[in-house]
Amino acid sequence: MTLLTILRYPDPRLQQVAKPVAAVDARLRQLADAMFATMYEAAGIGLAATQVNVHERLIVIDASETRDQPLVLINPEIVWASAETRLGEEGCLSVPGIYDGVERSLAVRVEALDLDGKRQTHEAEGMLAVCIQHEMDHLMGKVFVDYLSPLKRNRIKAKMVKQKKDEERDAAPRQR
């Protein structure tokens, strides 16, 4: 399976709002498979198509301990969110190595299409609810660091830019 490149914050493509999926077809199923492979390889629990530079409303999630409960959400919409919230530490495959607190609803109900194009309703709480909300943010062009103070966000941005420069420098062939 082909692994996809995950965009890294502060890449401006992460701010692009995803368009609805027009057709659930072989291309979309192949993309979902590649996204799962990429997510599992990166040890993540969720991945939005926006993060792999495909700006369509597609999310893959597997928040299970055993990594055997894949969930595909196409054109997802949160139709209910609990008023009760919790501040929890989040990380993101697009912001590797950075974790901080984000306030999220404890439970959500989401409607979405599955890979057969059938409408499904999913009730989620705990980690799965957090993951759905986090990935839905990506579809709206939002990264979890957008919830943080401008000072924290600027520090993270500077750290990510430096990290990218260091990686590019280390990957460049040595000239003599």
Side-chain angles (χ1 to χ4, degrees), residues 3-18 32 34-112 122-164 167:
L3 295 179
L4 305 169
T5 301
I6 298 171
L7 299 178
R8 303 245 311 247
Y9 181 81
D11 191 310
R13 295 172 290 183
L14 289 168
Q15 297 173 334
Q16 193 168 332
V17 176
M35 287 173 62
F36 272 118
T38 302
M39 179 191 77
Y40 287 132
E41 179 68 24
I45 62 170
L47 188 65
T50 302
Q51 292 176 271
V52 294
N53 201 29
V54 176
H55 302 283
E56 295 180 67
R57 294 183 59 78
L58 170 64
I59 293 170
V60 299
I61 294 174
D62 188 345
S64 68
E65 298 262 336
T66 50
R67 313 298 280 152
D68 62 353
Q69 295 174 30
L71 176 63
V72 175
L73 301 173
I74 301 166
N75 295 335
E77 297 295 331
I78 293 177
V79 296
W80 174 84
S82 68
E84 190 177 356
T85 63
R86 183 176 149 257
L87 181 67
E89 189 170 79
E90 289 186 27
C92 180
L93 294 177
S94 290
V95 195
I98 304 294
Y99 300 89
D100 213 315
V102 177
E103 191 89 16
R104 301 278 188 192
S105 292
L106 285 178
V108 296
R109 181 179 309 119
V110 63
E111 291 182 358
H122 300 277
E123 306 270 342
E125 56 185 31
M127 179 63 75
L128 181 57
V130 168
C131 190
I132 288 170
Q133 293 169 82
H134 176 108
E135 300 308 330
M136 296 269 307
D137 278 351
H138 280 299
L139 299 181
M140 298 308 297
K142 194 168 189 173
V143 179
F144 89 95
V145 297
D146 293 333
Y147 288 100
L148 306 178
S149 71
L151 177 63
K152 279 187 176 181
R153 199 169 39 250
N154 287 334
R155 284 182 177 165
I156 291 167
K157 183 186 253 182
K159 183 176 183 174
M160 297 305 296
V161 168
K162 181 184 182 314
Q163 191 177 74
K164 183 177 182 186
E167 288 170 2

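FYI, side chains are in, hydrogens and waters are out, and symmetry mates aren't considered; it's all heavy atoms of this structure. Given the structure is predicted, the values throughout are model-derived calculations rather than measurements.
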Closest non-hydrogen atom pair, I59 against M136: CD1-N, 3.8 Å

To check you understand the geometry: which heavy-atom pair defines the closest contact between Y9 and R153, and what is its length? OH-CG, 3.2 Å

Keeping S82 on the side-chain end and S105 on the backbone end, is there a donor-acceptor pair under 3.5 Å? no

Starting from the C-alpha separation in whole Å, work towards a yes-or-no answer on side chain to side chain contact (heavy atoms under 4.5 Å, CB included) for T5 and N53. CA-CA 8 Å; T5 301; N53 201 29; over 6 Å; no

Given the rule in the side chain to side chain contact (heavy atoms under 4.5 Å, CB included) test, do L7 and Q51 qualify, once you have shown the distances and angles that lead to the verdict? CA-CA 5 Å; L7 299 178; Q51 292 176 271; 5.6 Å; no

Within the side chain of N75, is there an N or O that forms a donor-acceptor pair under 3.5 Å with the backbone of A112? no

What verdict does the side chain to side chain contact (heavy atoms under 4.5 Å, CB included) test give for L73 and E135, after you've listed the backbone C-alpha separation in whole Å, the side-chain angles of each residue and the deciding distance to 0.1 Å? CA-CA 10 Å; L73 301 173; E135 300 308 330; over 6 Å; no

Closest contact, heavy atoms only, M160 versus S94: CE-O, 4.2 Å

Quick check against the 3.5 Å criterion: does D146 have a side-chain atom that pairs as donor or acceptor with the backbone of V143? yes

Electrostatic pair E125-R86, nearest N-O below 4.0 angstrom: no

Any chance CD of E167 has more than 12 other-residue heavy atoms, nucleotides or ligands included, within less than 6.0 Å? yes

What's the shortest heavy-atom distance between L106 and A129, and which atoms? O-CB, 3.6 Å

Look only at the side chain of T85 and the backbone of E103, and say whether a donor-acceptor pair between them is shorter than 3.5 Å. no

Pairing of D137 and R104 as salt bridge, 4.0 angstrom limit: yes

Count the heavy atoms of every other residue, nucleotide or ligand shown that sit under 6.0 Å from CD of E89, and state whether that count exceeds 12. yes

Answer whether the closest heavy-atom distance between the side chains of V161 and P10 falls below 4.5 Å. yes

Check whether Y147 forms a cation-pi arrangement with K142 (NZ or CZ under 6.0 Å from the six-membered ring centre, at most 45° off the ring normal). yes

Note: A49 and M35 closest approach over all heavy atoms is N-CE, 3.3 Å

Does R13 use its side chain to pair, donor to acceptor, with the backbone of T50 at less than 3.5 Å? no

Over 60° means perpendicular and under 30° means parallel, so classify the ring planes of F36 and Y40, tilted if in between. parallel

For the student: nearest non-hydrogen atoms of A43 and R67, plus distance: C-NH2, 4.4 Å

